[in-house]
There are 2 protein chains.
Amino acid sequence: MTNKPTRTVVSRRARPAKEPLSKELIVETALGLVKSEGSSGLSMRKIAKALDTGPSSLYVYVTNQQELSAYVLDAGLAEVTFSSSDSGTWQSRLLDVLDSYLMVLFDAPGIAELALTTIPVGHNSLGITEYMLQQLNEAGVGATSAAWGIDLLTLYVSSVAFEQTSRNQVGTTLQAVKASYQSLDAKRYPLLMGLREEMTSADGKERFRWGLEVILQGILQRKNEV
Amino acid sequence: MTNKPTRTVVSRRARPAKEPLSKELIVETALGLVKSEGSSGLSMRKIAKALDTGPSSLYVYVTNQQELSAYVLDAGLAEVTFSSSDSGTWQSRLLDVLDSYLMVLFDAPGIAELALTTIPVGHNSLGITEYMLQQLNEAGVGATSAAWGIDLLTLYVSSVAFEQTSRNQVGTTLQAVKASYQSLDAKRYPLLMGLREEMTSADGKERFRWGLEVILQGILQRKNEV
DNA sequence: ACCTGAACACCGTTCAAGT
DNA sequence: ACCTGAACACCGTTCAAGT
């Protein structure tokens, strides 16, 4: 009676043998969801479902959603590329990382929001920060100015990406904004009226570059003053 | 039998006579909740409860939460103060509004998040933008530079406020960040290591001013270039 | 040590039904 | 025209119980 009959346990193998959970697997799955669904993909329940388990299982590897968000952000930032430290000028290197940063935030729409709301503490974001500090260091920018400047630059990139991607997501909203600008009271807001185009335009690259250069010039001018 | 007996309808008057709902009342109530509870106070259900009704009642006056958020943001910005157009220089006036802006976002913690995630379209935010445009106009800054510059400046203020207030809210997180910076690998991140203090410091006013001036100088230098 | 089901206390939004 | 109850389809997190 104790011999094993041909009891096909097929049910458990509907999909490839289930890997055991791990922090890495959870983070990777979450990142995938964020890429495909945007920030709403970062839900404990959706991640659990994608891993074919219950939400409570995740709490063995991650203390809460906030912590998981920080990991996911850092995993996403792994794709930011650096040019090697001897190609071009410090300035071109700096602009290049920031460009790459923007691209990464751009095609994983949910990550931009994370970058803005989550304090980044993983190795990838630390690596990026260190690299940028090197460039400003080379430019002769003092310690405090460099530290605050980097914050300013990354903040700028994140928010540009966020504005852009969140508008794409909503769709209806942008129209609403345009409509409300359309019907502006010319007497109350004459200047705004004249700048309707400029305020609404999301002409991407050009505008992004402009902001970057504005900040950078500002930083260089106050190199050592705090 | 049709005479009214002394039937005390006391129950409906436990609180002062219930005002009928209105968009204004809803927005004002929501703003109150955001001020006292932070961004989590901006919940349809909480607002409804505060108004002693059900959540579905709100949808008569407001199409959805997103739209309500925009109204609440604008109502919050009503407290931003302007100095009159002939006191001091354009620069001092500009810095003053931005200062006031920061203060407002500061003591209504949830609003900073709204400012960052909600596209502002109400009369108050339009008024602030118009006022700032006036100042840059006076400074001789070209149209496009002015438009983009204002965006940059307000973005900066919002994100400084958000970073600050969200850290206060969480509390635990900041310690975690400090801890992770504490245990930084000196070989991997030598520069970051040396700047630990500067990166973590949230010394408010001074840092805020620095960023403002950096951006402003950058804008002035590219007055008319796009 | 790891995983799970079930529960708790929440969400936003819709819609048929009432006044 | 306005308001409501009840339902739908979600949330994050906890915890006793299982292996």
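These numbers were taken from a predicted model, which means no experiment stands behind them. So you know, we letter chains A, B, ... as the sequences are listed, proteins then strands, and number each from 1.
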Measuring to OP1 and OP2 of [N], would you say a side-chain N or O of [X] lies under 4.0 angstrom away?
X       : N      : value
A/Ser56 : D/dT14 : no
A/Ser43 : D/dG12 : yes
B/Tyr59 : D/dC2  : no

task: For C/dC2 and D/dA17, measure between their C1' atoms and round to the nearest Å.
output: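 About 13 Å, rounded to a whole number of Å.
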Integer angstrom distance from the C1' of D/dC8 to that of C/dC10: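 Nearest-Å result for D/dC8 against C/dC10 at atom C1': 15 Å.
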If I take atom [atom1] in residue [X] and atom [atom2] in nucleotide [N], what distance separates them, rounded to the nearest angstrom?
X       : N      : atom1 : atom2 : value
B/Gln66 : C/dT13 : CD    : C1'   : 14 Å
B/Ile26 : D/dC2  : CD1   : C1'   : 12 Å
A/Lys46 : D/dG12 : NZ    : C1'   : 14 Å
A/Leu58 : D/dT14 : CG    : P     : 13 Å
B/Lys49 : C/dA9  : NZ    : C1'   : 10 Å
A/Tyr61 : D/dT13 : OH    : C1'   : 18 Å
B/Gln65 : C/dC11 : CD    : P     : 10 Å
B/Ile47 : C/dG12 : CD1   : C1'   : 11 Å

query: Nearest to the side chain of B/Arg45 - D/dT13, C/dC3, D/dA7?
result: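 Within the option list, the nearest is D/dA7.
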- prompt: With respect to the side chain of A/Leu21, which nucleotide from C/dT13, C/dA7, C/dC3 is positioned closest?
  reply: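 Nearest to the side-chain atoms of A/Leu21, counting from C-beta on, is C/dC3.
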- request: Could you walk me through whether B/Lys187 and B/Met193 pass side-chain contact (heavy atoms from CB on, under 4.5 Å), step by step?
  value: CA-CA 9 Å; B/Lys187 286 185 185 127; B/Met193 199 59 181; over 6 Å; no
message: Any carboxylate oxygen within less than 4.0 angstrom of a Lys/Arg side-chain nitrogen, looking at B/Lys35 and B/Glu79?
response: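 A salt bridge is present here (some side-chain N lies under 4.0 Å from a carboxylate O).
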- prompt: Who is the Watson-Crick or G-U wobble partner of D/dA17, with both distances under 3.5 Å?
  reply: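 Across any shown strand, D/dA17 pairs with none.
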- request: State the pairing partner of D/dC8; accept Watson-Crick or G-U wobble contacts with both distances under 3.5 Å, and report none otherwise.
  value: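 With both distances under 3.5 Å, D/dC8 matches C/dG12.
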- request: Using atom types as modelled and distance alone, determine if a side-chain donor or acceptor of B/Asn124 lies under 3.5 Å from a backbone N or O of B/Gly76.
  value: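 Here the side-chain-to-backbone pair does not exist.
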task: Indicate yes or no for a side-chain donor-acceptor contact from A/Thr118 to the backbone of A/Ser69 under 3.5 Å, with no hydrogens or angles considered.
output: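 Side chain of A/Thr118 to backbone of A/Ser69, a donor-acceptor pair under 3.5 Å: no, none is there.
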query: Between B/Val121 and B/Leu73, is any pair of side-chain heavy atoms under 4.5 Å apart?
result: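 No. Closest side-chain heavy atoms not under 4.5 Å.
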